[in-house]
Every structure is written in structure tokens, then in C-alpha cells.
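Whatever order the structure lists ligands and atoms in, that order sets their numbers, starting from 1. What you see is a predicted model, and the numbers here were worked out from it, not measured in a lab. Every heavy atom of this structure was used, including side-chain atoms; hydrogens, water molecules and symmetry mates were not.
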Amino acid sequence: MTQSLAPNERGDSHPVGEVVLEVRNLTKHFPVGSFFKPKLVRALNDVSFTISRGQVLALVGESGSGKSTTARLISRLMPPTKGEIILRGKDVLKTERGRPSLNYRKEIQMIFQDPFGSLNPVHTIGHHIQRPLEIHKMLKGGNAQDRVYELLSTVGLTPPEDAARKYPYQMSGGQRQRVAIARALAVEPEIILADEPISMLDVSIRMGVLNLMEQLKEERGIGFLYITHDLASARYIGDRTMVMYTGYVVEAAESRELMEQPAHPYTQMLMAAVPNPQGGMVKHKAEVRGEIPSLTDLPPGCPFATRCPKVMDICKKVMPGVEQLSPDHWVRCHLYGPGETMTTGTGQKNAVTTAS
Ligand code: SF4
């Protein structure tokens with residue numbers, strides 16, 4: 001069993017268990033345009049990482065960085081162009097061709113940004129929780145109602161009898177996101193893919209949902225892929241953080257190291273926009289400027305070159321490779337050396353990886 005310590009921003013240091021999910025060189029290119037003018041949206045390029053039992057991996061970046069594509073590929077809502085998804089040592093894209101098996105759907109659950117959109121307005125909350133229990137035959141002779149109440153209590157919706165009787169429109173945004181989490185928990189998953197789970201919630205209730213995820217990680221050993229555009233929440237809950245830009249992972253490290261010593265100019269730019277909890281000035285001041293380039297028309301060389309305050313001549317010609325800064329800190333930038341220069345059809349060596 002792989003063991004490591006993963007301290008996050010709060011200073012928690014808990015043992016992280018064995019690797020549950022491994023993603024290797026995940027790539028997604030979408031053909032767009034007309035027959036005469038075909039184009040390719042390079043949404044995701046050679047992304048590799050692992051998620052261990054009881055670990056939160058935060059995936060951070062702006063819109064169009066490839067974060068949600070990563071979650072959709074892992075949940076198998078669409079197939080990748082290339083890459084491997086390995087669940088408990090089994091390469092599921094090879095062993096389960098086509099639709100994911102019931103077991104895969106049980107082990108990998110997803111919660112979405114818009115909790116209202118993910119709930120059916122004509123069914124009660126109790127129905128939403130009971131349904132996956134029936135589909136996945138999780139009742140094992142037990143009483144469905146008791147299990148529904150137990151799950152609602154776990155996510156803090158009390159008294160559960162009242163919550164179960166309500167319809168989605170009768171709940172607040174934070175309560176609906178708790179329902180979505182309870183529904184995911186019903187099938188006892190190993191991994192939850194949380195795609196911007198707090199971005200549509202009021203600031204006052206965001207912390208409650210993050211603390212609930214933290215509790216589930218600690219008490220049940222659930223691994224989370226936490227997708228966000230907000231470095232502050234990644235710093236709060238993520239054991240590890242990967243920063244993405246135009247479909248590439250540009251930096252990956254244990255969260256505290258990444259926040260204290262951001263190496264990539266893009267990470268520094270994101271950090272500059274994060275309020276400092278100590279109230280002082282941010283250490284890595286960088287101007288937020290420019291727009292993310294079109295994914296169908298990325299410039300040659302480094303995709304961040306059009307916005308980077310530290311751009312050099314080489315950046316406009318050669319895609320930077322990956323440099324290892326410390327045992328657990330990787331960056332894709334020419335400032336830190338030649339790295340493994342990427343050409344095409346890159347392999348594992350060129351992927352910024354995170355491992356427990
Ligand atoms: Fe900036 Fe060059 Fe590094 Fe890209 S490779 S982030 S352009 S310094």
C-alpha cells in the first residue's frame with residue numbers, strides 16, 4: 001500500500017491510502033468546422049494523475065482549461081481520443097468497451113455545478129436518494145426509508161423526515177448540493193468528481209459544503225477530484241493541486257507548496273487574484289492580463305506566451321517540457337530549463353503527473 005502524508009492549507013496531516021484511480025495521458029480532441037475547413041479543438045492533452053483513498057486532488061484553471069472535460073472523460077460521459085483510465089488496477093477503457101459498467105458507475109460518482117439542474121423537479125428528495133439504492137441493489141434487505149434518512153442526516157439535512165418529503169424547489173442552493181452529495185454517497189463510491197460544486201452557492205454556505213467533503217474524505221476515505229476556478233478553495237480543501245491551461249497541466253504540487261511557491265507565471269497570476277487570509281500583500285504579485293487563446297488556433301510554442309509577463313523568444317517557438325522542481329513539484333515552463341521538449345504524440349514522460 002502506498003502511504004504518504006498530505007497536509008493541506010489547514011495544516012491537517014492525515015494518511016492517504018492506496019491509489020484508487022489513475023489517469024494516464026488522457027487526451028480529448030474534438031473535430032469542428034466544415035468538411036472543407038476542418039479544425040480540431042484540443043481540449044485536453046496528455047493529462048496524467050492519481051487519486052488515492054482519502055485524497056482531494058484540486059484541478060484549477062479558467063474556463064476552457066480542460067477541467068470539466070477531464071471529469072467528463074473520467075465519468076465516461078464521452079470517450080477520450082487517447083489515454084487510459086485505471087480503476088483499482090483495471091484499465092476500464094480496455095475491459096469495458098462502450099458504456100461503463102454498473103460497477104464503474106457505482107465507484108465513480110459525479111456532482112455538478114448546478115444542483116437544481118441535476119435534480120428532477122417532479123420527484124421528492126427522498127425519491128432522488130432511494131433511486132440509486134434500487135438501481136445498484138444497495139438495500140440488501142434493509143429498509144429503504146431508514147437508509148434514505150441516514151444519508152440525509154450524514155449530509156446535515158435534518159430532520160431527515162422533513163427533508164425527504166420536500167421537492168427540490170423547496171430547498172436552498174446549499175441544501176440541494178447536499179442532496180446531490182447524499183445521492184452520490186448512496187452507492188458508496190470510491191471517488192467523487194466534484195465539478196465546481198460551490199461556485200453557484202452563496203458565499204455563506206460554501207464553507208459548509210467544503211467541510212462536508214472534508215468530513216467524507218476523512219471518515220469514509222472517499223477520494224475527490226475537486227474542480228474549481230478558485231485557488232482559495234483549492235488551497236482550503238486540496239491535498240494536491242494541479243493547475244491547467246488550454247488543456248495542459250502547467251504545474252502540479254502538494255497544495256501548500258504550490259500556494260507558497262508558485263513557479264509557473266500562470267499560477268502566479270491566479271495567486272495574485274486570491275485574497276490573502278493573513279491580510280497582507282500577496283507574495284507573488286502578477287498582473288492579470290489578456291484572454292485565453294482559442295483552442296482551435298493555439299499559438300506555436302507555449303500556449304501562455306500571449307499573456308505571460310516573462311515571455312522569452314524561445315517561448316514563442318518551442319512548447320516547454322516538464323521540469324521537476326522538488327520531489328513532488330512539477331512545472332511546464334522554459335524558465336526552469338529545457339524539460340522534456342514536447343513534439344507530438346507525447347508519452348508519459350512529458351505529462352505533468354501527480355502521485356500520492
Ligand atoms: Fe511564460 Fe515562457 Fe514559461 Fe510560457 S514558457 S509560461 S511564455 S516563461
Side-chain angles (χ1 to χ4, degrees), residues 25-27 29 40-49 58-67 69-70 228-231 234-235 238 240-255 257-274 282-354:
N25 304 112
L26 208 57
T27 298
H29 296 165
L40 218 48
V41 175
R42 297 174 193 275
L44 203 67
N45 303 283
D46 277 318
V47 170
S48 299
F49 57 82
L59 209 52
V60 181
E62 293 166 286
S63 297
S65 61
K67 312 182 301 290
T69 302
T70 305
T228 182
H229 60 272
D230 169 27
L231 260 182
R235 177 170 63 189
R240 299 184 49 75
T241 298
M242 291 197 332
V243 180
M244 296 193 68
Y245 188 75
T246 59
Y248 291 92
V249 177
V250 295
E251 187 165 4
E254 177 267 312
S255 292
E257 180 172 337
L258 187 127
M259 307 299 167
E260 288 177 358
Q261 299 164 46
H264 197 280
Y266 178 59
T267 314
Q268 292 171 4
M269 191 178 94
L270 293 178
M271 284 296 292
V274 176
V282 288
K283 257 194 271 177
H284 303 277
K285 199 76 183 159
E287 188 190 351
V288 180
R289 62 179 202 177
E291 295 291 328
I292 201 163
S294 163
L295 296 180
T296 58
D297 202 16
L298 284 178
C302 173
F304 192 57
T306 52
R307 304 173 76 185
C308 182
K310 298 176 181 169
V311 62
M312 304 173 285
D313 280 348
I314 188 174
C315 307
K316 297 175 185 165
K317 298 173 195 143
V318 181
M319 169 62 111
V322 174
E323 280 290 327
Q324 185 171 11
L325 303 181
S326 71
D328 205 16
H329 193 165
W330 306 79
V331 65
R332 184 188 292 280
C333 176
H334 285 304
L335 290 171
Y336 303 93
E340 296 273 342
T341 303
M342 179 179 281
T343 51
T344 54
T346 55
Q348 182 74 13
K349 262 187 164 179
N350 282 325
V352 177
T353 59
T354 78

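For atom 4 (Fe) of ligand 1, the closest non-hydrogen atom of the protein is Cys302 SG, 2.4 Å. The protein non-hydrogen atom at the shortest distance from atom 2 (Fe) of ligand 1 is Cys315 SG, 2.2 Å. The single protein non-hydrogen atom nearest to atom 5 (S) of ligand 1 is His334 N, 3.3 Å, given as residue, atom name and distance. Counting only heavy atoms of the protein, atom 3 (Fe) of ligand 1 lies nearest to Cys333 SG, 2.3 Å. Taking atom 1 (Fe) of ligand 1 as the reference point, the nearest protein heavy-atom neighbour is Cys308 SG, 2.4 Å.
Only the side chain of His264 comes within 4.0 Å of ligand 1, judged by heavy-atom distances.
Taken to the nearest 0.5 Å, the CD atom of Glu251 stands 15.0 Å off from the OH atom of Tyr245.
Formation of a donor-acceptor pair under 3.5 Å by the Ser48 side chain with backbone atoms of Asn25 is found in this model. In this structure a side-chain-to-backbone donor-acceptor pair under 3.5 Å is missing from Gln268 to Met271.
Ligand-side atoms of ligand 1 in range of Leu335: 8 (S), range being under 4.0 angstrom from any heavy atom.
For the pair His264/Val243, no side-chain contact is recorded, criterion being any heavy-atom separation below 4.5 Å from C-beta on. Side-chain atoms of Arg307 and Ile292, non-hydrogen and from C-beta on, do get closer than 4.5 Å to each other.
Heavy-atom proximity to atom 8 (S) of ligand 1, evaluated over Met319, Lys310, Lys316, Arg307, is greatest for Lys310.
In this structure, Ala234 and Thr228 approach most closely via the heavy-atom pair CB-CG2, 4.1 Å.
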